[in-house]
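In what follows, a structure is listed as structure tokens, so that the remarks can point back to it.
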Number of protein chains: 2
Amino acid sequence: MVLAMLHALADKTRFTILQWMAKGAIATCCDRIAAFENGCCVADVVAVTGLAQPTVSHHLKVLEKAGLVHKEPRGPWTCYFPNPQAIDALLTTLRAELYPKNDAESNGSSCC
Amino acid sequence: MVLAMLHALADKTRFTILQWMAKGAIATCCDRIAAFENGCCVADVVAVTGLAQPTVSHHLKVLEKAGLVHKEPRGPWTCYFPNPQAIDALLTTLRAELYPKNDAESNGSSCC
DNA sequence: ATTCCATATCCATCACCATCGATATCGAAG
DNA sequence: CTTCGATATCGATGGTGATGGATATGGAAT
């Protein structure tokens, strides 16, 4: 799941989408999304990125499969919301797995 | 630079290499690498991953360009070492840029 | 100078992916 | 039921990247 998240984030467009969501709800469907929800609909992402609608749908699907966002139909729109827990999990895993440990004891397969 | 790091990490092989480095120096050139350095040489990565040597060199180059590792010739070997500062920078940036902010004031381009 | 070892580079191949036009789906009105 | 708006899916295309064989480089030792 971590690799899927990293793959999802390692794309300029998808990173920008999440970045933009984190900043706050800027949507044409604001009557459906509260400010604290940080959500948006597909058309908003299309407007911001300038990409075609199928492309945006594709990116949002990747983000959703990675667990970084979740979607929810609200009225005429499909709204997407960021998932803070997923980001937390990612950060925690990255620190635990990639941060160098100089502790000789924790090194199961020690050297030489 | 963040996108480059994410791209570098979003590959199973490269993630495994960094993961394995973080665990500690397990190398055939241990007389050149102290345990606390968490380094290794190319041949070690070849042995662990089972990949061809050119492939491993390619992956290490990607990691180096992303700033996640740095290389240093030691005797007959080219040794690679993880860069904790880069990982720190990545984690800090991810939290700052992607973690949802529900603070209405910080939202420059507010909604509606 | 030659040989050997470790690694980097070159090059070709294959697979995956971002992109978008066309089309399908789906719900809400009218 | 038909229409319309919003989004998802399909299919094709171009580009990027992972992989490895062949080869070049570079240093150390004989």
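Quantities reported herein were computed from a predicted structural model and do not represent experimental measurements. Any value given below was found using the heavy atoms of this structure, including those in side chains, with hydrogens, waters and symmetry copies removed. Naming: A, B, ... by sequence-line order, numbering from 1 per chain.
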- Message: Within the 4.0 Å heavy-atom criterion, would you say A/Lys12 contacts the bases, only the backbone, or no part of the nucleic acid?
- Response: nothing
- Task: Please report the shortest heavy-atom distance between A/Asn38 and A/Ala22, naming the atom on each side.
- Result: ND2-O, 3.3 Å
- Note on the structure: A/Arg74 CZ to C/dA28 P, in whole Å, measures 15 Å
- Query: Nearest heavy-atom pair of B/Leu3 and A/Leu9: which atoms, and what distance?
  - Reply: CD2-O, 3.6 Å
- Query: Are B/Tyr80 and C/dA8 close enough that a side-chain N or O sits under 4.0 Å from OP1 or OP2?
  - Reply: yes
- Whole-Å distance between C/dC16 C1' and B/His7 NE2? 12 Å
- Query: Between the main-chain N or O of B/Leu90 and the side-chain N or O of B/Arg95, is there a donor-acceptor pair closer than 3.5 Å?
  - Reply: no
- List in numerical order all residues of residues 59-70 of chain A for which some heavy atom is under 4.0 Å away from an atom belonging to DNA chain D. A/Lys61
- Task: Assign A/Thr78 to base, sugar-phosphate, or nothing according to its heavy-atom contacts below 4.0 angstrom with the strands shown.
- Result: sugar-phosphate
- Map A/Thr13 and B/His58 onto DNA chain C by nearest heavy atom, then report which one ends up closer to the 5' terminus. B/His58
- Task: Check A/Pro82 against A/Val69 and note the closest heavy-atom contact, atom names and distance.
- Result: CA-CG1, 4.1 Å
- Could you give the CG-to-P distance, from A/Asp11 to C/dA18, as a whole number of Å? 5 Å
- Item | Donor-acceptor under 3.5 Å (A/Thr55 side chain, A/Leu51 main chain) | no
- Note on the structure: Footprint ends on DNA chain D, 5' to 3', for atoms under 4.0 angstrom from a heavy atom of chain A, come out as D/dA6 to D/dT9
- Give one of base, sugar-phosphate or nothing for B/Pro54, where a contact means two heavy atoms less than 4.0 Å apart. base
- Give the minimum heavy-atom separation between A/Ala4 and A/Ala66, together with the two atoms involved. O-CB, 3.8 Å
- Which residue lies toward the 5' end of DNA chain D, B/Gly50 or A/Val56, if each is placed at its nearest nucleotide? A/Val56
- Item | Any donor-acceptor N/O pair, A/Lys101 side chain to A/Ala96 backbone, under 3.5 Å | yes
- Task: Name the residue closer to the 5' end of DNA chain C, choosing between A/Arg14 and A/Gln53 according to the nucleotide with the nearest heavy atom.
- Result: A/Arg14
- Task: Identify whether the distance between the nearest side-chain nitrogen and carboxylate oxygen of B/Arg74 and B/Glu37 falls below 4.0 Å.
- Result: yes
- For A/Lys71 and C/dG27, what is the distance between atoms NZ and C1' respectively, to the nearest whole Å? 14 Å
- Item | Under 3.5 Å donor-acceptor, A/Asp11 side chain and A/Ala8 backbone | no
